[in-house]
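Here's the structure we're looking at; comments come further down.
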Amino acid sequence: MSTDAAGGDDDLKERVTNFLRRNFPQIQMHGGSAAIQHLDRESGEVSIQLGGACSGCGISPMTIQAIKSRMVKEIPEIETVHADTGMGGGGHEGGTSPSFPGETSDDEGDSNEGPQAPF
């Protein structure tokens, strides 16, 4: 990957993070978190993992739908958004969870708290 492409990915990642922070402050205000799990600039796909209080929250499906519909409108490079809470079989095969920026290894492995938001 060229330096320009890497810089572009960092810029796109920052814009996705800022989009989440700006448009969905209620996620963090209500004890939830949102983290970028995967970002592919070439295909225009991004995967967002909601965690914390979002896991099991009754309105998280509405939050996910709002993220999906608004992100593709506001960030032209993004064509497809995958978002889930990791509950109900979506997203992670085998029950494994991805690592997220800001996670520490001090956390208990049995915690269902979800990923920590990078913001």
Do any side-chain atoms of residues 64-73 form donor-acceptor pairs under 3.5 angstrom with protein atoms, and if so which ones, sequence neighbours left out?
from : atom 1 : to  : atom 2 : distance (Å)
S69  : OG     : Q65 : O      : 3.2
S69  : OG     : A66 : O      : 3.4
R70  : NH2    : N23 : OD1    : 2.7

*Decide side chain to side chain contact (heavy atoms under 4.5 Å, CB included) for L50 and D84; before the verdict, give the C-alpha distance in whole Å, the side-chain angles of both, and the deciding distance to 0.1 Å.*
CA-CA 6 Å; L50 301 180; D84 67 47; over 6 Å; no
_For a 4.5 angstrom cut-off between non-hydrogen side-chain atoms, does I36 reach K13?_
yes
*Apply the test side chain to side chain contact (heavy atoms under 4.5 Å, CB included) to residues I78 and L39: give CA-CA distance (whole Å), side-chain angles for both, the deciding distance (0.1 Å), then the verdict.*
CA-CA 9 Å; I78 301 298; L39 178 63; 3.9 Å; yes
*Does a side-chain heavy-atom distance below 4.5 Å link V46 with H38?*
no
*To the nearest 0.5 Å, what is the distance between CD1 (I48) and SG (C54)?*
12.0 Å
*asked:* On a heavy-atom basis, which atom in A34 and which in L20 lie closest, and how many Å separate them?
replied: CB-CD1, 4.2 Å
_Residues in side-chain contact (heavy atoms from CB on, under 4.5 Å) contact with E77, at least two apart in sequence or another chain_ = L12, R15, R41, I75
*Any salt bridge between R21 and E14, counting N to O under 4.0 Å?*
no
*Which pair of non-hydrogen atoms, one from A53 and one from H30, has the smallest distance, and what is that distance?*
CB-O, 3.2 Å
*asked:* Restricting to side chain to side chain donor-acceptor pair (under 3.5 Å), what partner residues turn up for E45, sequence neighbours left out?
replied: H82
_By side-chain contact (heavy atoms from CB on, under 4.5 Å) - contacts of E42 (at least two apart)_ = D40
*Other than M62, what residues sit in its cluster of Ile, Leu, Val, Met, Phe, Trp and Tyr side chains whose heavy atoms are under 4.5 Å apart, directly or through others?*
I59
